[in-house]
Amino acid sequence: MSTTIHSQPFIDQRPGTSGLRKRVRVFQQKHYLENFVQAMFDAIGDTENQTLVIGGDGRFYNETAIQTIVKMAIVNGFKRLIIGQHGLLSTPAASCVIRKYNAFGGVILSASHNPAGQEGDFGIKFNIRNGGPAPESITEAIYQLSQKISSYQIMDCDDISLSETGTQYLQDMQIDIIDPVADYAELMADIFDFPAIRALLCNGRFQMRFDAMHAITGPYAKEILEKRLGAETGTVINGVPQADFAGGHPDPNLTYAAELVEEMFAETGPDFGAASDGDGDRNMILGHGIFVTPSDSLAILAANAELIPAYQKGLKGIARSMPTSQAADRVAQALNISMYETPTGWKFFGNLMDADMVTLCGEESFGTGSNHIREKDGLWAVLFWLNILAIRQQSVSEIVRQHWQKFGRNYYTRHDYEEIPTEFANQLIERLQIQLADLKGKSLNGYIVDYADNFSYHDPVDNSIAENQGIRICFTDGSRIIFRLSGTGTQGATLRVYIEAIEDNPDKLFEDTQTRLKDLIALADELAGIKSITGRTAPTVIT
Ligand code: G1P
Ligand code: ZN
């Protein structure tokens with residue numbers, strides 16, 4: 001029986017960089033999730049007779065939320081649901097499944113790498129028919145509707161079973177519970193040279209470690225790396241997804257993937273190491289004794305794309321988020337293909353990929369992907385690297401060093417200041433904003449400002465404009481300092497400072513990043529007043 005439940009708007013339901021993310025206890029408030037889901041179903045167009053994909057990263061509250069969404073989907077007209085077994089689908093797998101089954105869209109339950117559990121975070125986002133995150137026009141419409149909502153529709157019935165694959169019916173709505181890994185694994189086998197990777201992984205010398213960080217990629221990595229590609233059992237560590245990610249923070253970077261980093265830098269460490277995040281869309285790439293920055297990784301993948309079966313015919317173009325280093329730009333120039341600079345967030349790449357203007361996309365925040373789906377894809381990046389290693393028969397470190405020798409190096413770091421009071425963060429951005437107009441042509445500690453602005457993006461496909469996407473101060477030698485506030489945090493504000501310097505001198509390619517960038521780091525503090533306004537003397541996380 002369908003019931004109309006009366007409720008009132010919650011003022012905090014505006015989706016951020018990647019959907020609505022809040023503390024679990026916020027989502028547990030009566031009507032909170034239901035209001036958002038109703039606003040979502042109302043905003044996305046005619047849902048009558050449509051197919052909807054549902055899955056999440058398995059964190060605490062995943063299955064509870066799915067049961068609610070199922071009971072609302074039926075009343076909102078959906079005819080078929082495709083749900084990952086146990087409610088699981090990594091974000092890239094969800095994108096893959098939406099595309100493969102030509103679904104109307106998908107609901108992904110995840111707060112990515114944010115800690116999980118009763119005291120942790122939860123999140124929900126809608127992906128459209130192309131498999132990618134809903135554009136801002138839709139997320140804004142969801143928010144507007146959530147602010148006017150007075151009731152929602154829900155079926156009063158028992159929970160469905162998520163534990164076995166197969167088909168079941170809720171009245172006349174068909175529900176298919178699918179293996180969350182199979183479709184995705186098949187897609188990977190279509191893209192990469194699996195026999196070559198298998199030969200590398202089974203040559204008796206090559207050692208690899210993949211850290212699933214107790215999150216969703218465990219089953220995917222075990223199936224693909226260990227089962228299909230023959231990597232030794234135990235290659236995948238922390239491979240059983242847990243509802244609280246074992247109390248960890250599954251963000252694959254030098255701070256949070258410390259266990260893997262330590263192993264990779266040990267004297268007898270493996271040849272190749274990688275990690276993925278809570279929902280499987282991020283990746284970190286390491287070689288023995290070397291960390292590959294995500295910006296360099298994008299550039300290296302682009303420069304080696306012709307070694308991969310799916311990209312052999314060449315790339316249409318490359319896109320990167322504005323704060324991502326310009327390393328890939330040099331590759332695009334050498335390949336004579338277009339380079340696009342978009343605001344932070346994967347949703348801005350969707351139009352470019354749909355219009356066939358770009359093949360590879362990347363963000364400095366450990367996100368890389370291609371037009372095979374419309375989300376960034378952690379394991380895809382790992383397989384891309386393995387494919388390159390298998391063909392080139394060189395170490396990660398040799399490949400990176402040769403890349404710098406050929407294209408020059410973009411020294412790059414990001415400093416995050418987490419959980420600073422919102423008023424301090426706003427004060428700091430305002431202080432930067434008022435300086436912008438006068439900066440052009442000025443010499444700051446020897447760096448001459450080429451231009452300074454608050455980045456605004458004009459989408460060449462749908463002509464939409466996204467403003468205030470980050471303060472950038474760019475110098476005549478190509479170096480840059482960028483400031484922006486995070487749109488994914490759930491507590492206070494997070495300031496991100498991105499610093500980049502370009503080096504073409506072959507004698508200066510192998511210096512320590514923080515040392516090489518220290519003048520620009522100091523300049524960033526001077527300009528923004530980070531220490532004086534926030535009282536913080538050091539960043540929370542350096543990547
Ligand atoms: C962060 C990253 C951004 C990424 C997003 C979702 O957003 O910086 O590149 O797309 O997470 O994974 P932010 O918190 O900076 O708004
Ligand atoms: Zn993620």
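For ligands, and for the atoms within them, numbers begin at 1 and follow the listed sequence.
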Worksheet item: Just wondering, do Asn130 and Met353 contact through their side chains at under 4.5 Å, heavy atoms?
Response: no
Practice prompt. Give the ring-plane orientation class for Tyr412 versus Tyr498, where under 30° counts as parallel, over 60° as perpendicular and anything between as tilted.
Written response: tilted
Item to complete: Consider every N or O of Lys376 and every N or O of ligand 1, then say whether any pair is closer than 3.5 Å.
Response: yes
Item to complete: Please identify which atoms of ligand 1 are closer than 4.0 Å to at least one heavy atom of Gly487.
Response: 13 (P), 14 (O), 16 (O)
Worksheet item: What atoms of ligand 1 come closer than 4.0 angstrom to any heavy atom of Gly345?
Response: 10 (O)
Response to the item:
heavy-atom search around atom 4 (C) of ligand 1 in the protein gives Glu363 OE1, 3.6 Å
Item to complete: Output the list of atoms in ligand 1 that are nearer than 4.0 Å to some heavy atom of Arg282, sorted by atom number.
Response: 1 (C), 2 (C), 5 (C), 6 (C), 11 (O), 12 (O)
Worksheet item: Salt bridge or not for Asp211 and Arg209, using N-O below 4.0 Å?
Response: no
Worksheet entry | Test item: side-chain donor near acceptor, Ser95 and Asn127, under 3.5 Å | no
Worksheet item: Any nitrogen or oxygen of Ser112, main chain or side chain, under 3.5 Å from a nitrogen or oxygen of ligand 1?
Response: no
Practice prompt. Using a cut-off of 2.8 Å, find all protein N, O or S atoms closer to the Zn ion (ligand 2) than that distance.
Written response: Ser112 OG, Asp277 OD2, Asp279 OD1, Asp281 OD1
Worksheet item: At what distance is the nearest protein heavy atom to atom 7 (O) of ligand 1, and which residue and atom is it?
Response: Thr488 CG2, 3.5 Å
Worksheet item: Counting only heavy atoms not in Arg431, do more than 12 sit closer than 6.0 Å to its CZ atom?
Response: yes
Fill in: Contact atoms of ligand 1, heavy-atom distance to Arg496 under 4.0 Å
8 (O), 13 (P), 14 (O), 15 (O)
Discussion item. Looking at Phe10, is its backbone amide N or carbonyl O close enough to the side chain of Gln147 to form a donor-acceptor pair, meaning the two atoms are under 3.5 Å apart?
Written reply: yes
Worksheet item: Is the number of heavy atoms from other residues, nucleotides or ligands under 6.0 Å of Lys316 NZ greater than 12?
Response: no
Worksheet item: Does the N or O separation between Arg484 and ligand 1 drop below 3.5 Å for any pair?
Response: yes
Fill in: Stepwise side-chain hydrogen bond (donor to acceptor under 3.5 Å, both in side chains) test for Gln118 and Gln28
CA-CA 10 Å; Gln118 170 68 58; Gln28 283 173 325; 2.9 Å; yes
Worksheet item: Hey, which atoms in ligand 1 end up nearer than 4.0 Å to a heavy atom of Thr344?
Response: 3 (C), 8 (O), 9 (O)
Discussion item. Students often mix this up, so state it plainly: with edges at 30° and 60°, are the rings of Tyr311 and Phe384 parallel, tilted or perpendicular?
Written reply: parallel
Practice prompt. Below 4.0 angstrom from a heavy atom of Ser365, which ligand 1 atoms are there? Numbered from 1 as shown, please.
Written response: 2 (C), 3 (C), 4 (C), 8 (O), 9 (O)
Worksheet item: Is it true that the NZ or CZ of Arg59 lies under 6.0 Å from the centre of Tyr61's six-membered ring and within 45 degrees of the ring axis?
Response: no
Fill in: Atoms in ligand 1 with a heavy atom of Arg414 nearer than 4.0 Å
8 (O)
Practice prompt. Assess whether atom CD of Gln427 is packed by more than 12 heavy atoms of other residues, nucleotides or ligands within 6.0 Å.
Written response: yes
Worksheet item: Less than 4.5 Å apart, any side-chain heavy atom of Ser276 and any of Phe210?
Response: yes
